[in-house]
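Only one structure is covered here, and it is reproduced in the block below.
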Amino acid sequence: LIQKVSNLIPEVDRVTIRKRLYENKSIVVSNIDNEEVVGVINMWYTEEQIYLELKRISENFVPSHSIAEIKEGIKRLEELQGFEFTDEQKEATISTLTNGTNVLTGGGGVGKSATVVAMCRAIEGFRYATCAISGKASNVLRQRELYSSTLHRLLGYVGGSSFASNRDNPINFSFVVFDEISMASLP
């Protein structure tokens with residue numbers, strides 16, 4: 001960042017730029033993996049809280065089923081659907097169901113929805129929910145015959161910024177998929 005600012009404003013020396021950057025109270029400058037990174041303070045702390053919560057979930061997660069059971073469930077789904085999942089889809093399903101958290105990414109048509117089906121249905125009787133920000137996106141998941149709702153409905157929106165389900169009163173599912181979560185507003 002300092003180099004880019006220096007290139008944009010060559011008449012200001014790098015020492016001055018660095019000093020002003022560190023003095024700016026709305027910017028966070030930190031070192032991650034030996035690389036200096038910069039972020040807007042409110043987003044920095046929000047993202048840090050999300051990271052810490054995902055880390056907490058993962059560290060405290062106790063898988064309810066073995067890898068062998070998950071693989072058997074995937075094989076059963078493949079037979080029911082009439083097609084095989086890719087190795088990546090199988091790995092994502094196993095990873096999610098044994099680690100407690102996962103971020104599934106990819107472009108359109110690469111098989112994210114099929115992978116979500118595997119995650120939700122590999123274990124029979126597994127209590128899962130899927131949700132999305134919009135009803136339209138939620139309907140796409142319902143077309144895959146998955147239980148799905150909007151995020152607000154799933155959490156029981158009661159008005160303002162309040163929800164019936166929260167950290168003190170969590171939703172009662174073994175597994176939850178938040179589709180397109182990057183579209184959710186952060187505080």
To the closest 0.5 Å, what do you measure between NZ (Lys55) and CG (Asn60)? 11.0 Å
Do Ile50 and Met43 sit in one hydrophobic cluster, given that two such residues count as connected whenever their side-chain heavy atoms are within less than 4.5 Å of each other, even indirectly? yes
Nearest heavy-atom pair of Cys120 and Leu146: which atoms, and what distance? CB-CD2, 3.9 Å
Could you measure the distance from the OG1 atom of Thr93 to the NZ atom of Lys71? Nearest 0.5 Å is fine. 12.0 Å
Measure the shortest side-chain to side-chain distance between Arg127 and Asn172 over non-hydrogen atoms and say whether it is less than 4.5 angstrom. yes
Under 3.5 Å donor-acceptor, Glu180 side chain and Ile133 backbone: no
Measure the shortest side-chain to side-chain distance between Val116 and Asp179 over non-hydrogen atoms and say whether it is less than 4.5 angstrom. no
In this structure, would Leu77 and Phe83 fall into the same cluster of hydrophobic residues linked by side-chain contacts under 4.5 Å? yes
Can you confirm whether Thr98 sits close enough to Ile70 that some side-chain heavy atom of one is under 4.5 Å from a side-chain heavy atom of the other? yes
Side chain to side chain contact (heavy atoms under 4.5 Å, CB included) between Leu151 and Phe178, intermediate numbers included: CA-CA 8 Å; Leu151 176 60; Phe178 298 97; 3.4 Å; yes
Between Ser58 and Leu54 (side chain of the first, backbone of the second, donor and acceptor by atom type, cut-off under 3.5 Å), is there such a pair? no
Here the pair of heavy atoms bringing Gly135 nearest to Arg142 is O-NH2, 4.4 Å
Do any N or O atoms from the side chain of Glu69 and from the backbone of Ser66 form a donor-acceptor pair under 3.5 angstrom? yes
Taking the side chain as every heavy atom from C-beta outward, state whether Pro63 and Leu97 have any atom pair closer than 4.5 Å. no
Scanning both residues in full, the closest heavy-atom pair of Gln89 with Ala114 reads NE2-CB, 3.7 Å
How far apart are the C-alpha atoms of Asn102 and Leu104, what are their side-chain angles, what is the distance that settles it, and do they pass the side chain to side chain contact (heavy atoms under 4.5 Å, CB included) test? CA-CA 6 Å; Asn102 202 348; Leu104 184 63; 5.7 Å; no
Hey, mind stepping through Glu78 and Lys90 against salt bridge (Lys or Arg N to Asp or Glu O under 4.0 Å) and telling me if it holds? CA-CA 11 Å; Glu78 289 175 331; Lys90 292 174 188 178; 3.5 Å; yes
Would you say Leu154 and Val140 are hydrophobically clustered, going by side-chain heavy atoms of ILVMFWY under 4.5 Å? no
What is the ring orientation for Phe173 with Tyr147, classed by angle as parallel under 30°, tilted 30 to 60°, or perpendicular over 60°? parallel
Looking only at heavy atoms, what is the nearest atom pair of Gly39 and Trp44, with distance? CA-CE3, 3.9 Å
Contact summary for Ser138 and Ser148, nearest pair of heavy atoms: OG-OG, 2.9 Å
Can Val117 and Gln81 be said to form a side chain to side chain contact (heavy atoms under 4.5 Å, CB included), step by step? CA-CA 11 Å; Val117 169; Gln81 297 176 146; 3.6 Å; yes
Asn99 and Ser95: side chain donor to acceptor below 3.5 Å: yes
Look up atom OG in Ser149 and atom CG in Leu155, then write down how far apart they are to the nearest 0.5 Å. 8.0 Å
Close side-chain approach of Thr150 and Arg153, heavy atoms under 4.5 Å: yes
With a 4.5 Å heavy-atom cut-off, do Phe175 and Met119 have their side chains touching? yes
Could you walk me through whether Tyr128 and Ile123 pass side chain to side chain contact (heavy atoms under 4.5 Å, CB included), step by step? CA-CA 10 Å; Tyr128 74 87; Ile123 304 299; over 6 Å; no
Exam field: side chain Lys112 to backbone Thr105, donor-acceptor pair closer than 3.5 Å: no
Is any side-chain heavy atom of Ile94 less than 4.5 Å from a side-chain heavy atom of Ile74? yes
Report yes if some heavy atom in the side chain of Phe126 is under 4.5 Å from a heavy atom in the side chain of Ser64; otherwise report no. yes
Sequence neighbours excluded, the answer for salt bridge (charged side-chain N to carboxylate O under 4.0 Å, His left out) partners of Arg56 is Glu53
Are Leu52 and Ile41 joined in one hydrophobic group, where the rule is that I, L, V, M, F, W and Y side chains link up if heavy atoms are under 4.5 Å apart? no
Shared hydrophobic cluster, Phe163 / Ile181 (ILVMFWY, side-chain heavy atoms < 4.5 Å): yes
Closest approach of Gly100 to Ile57 (non-hydrogen atoms, all atoms of both residues): O-CG2, 3.9 Å
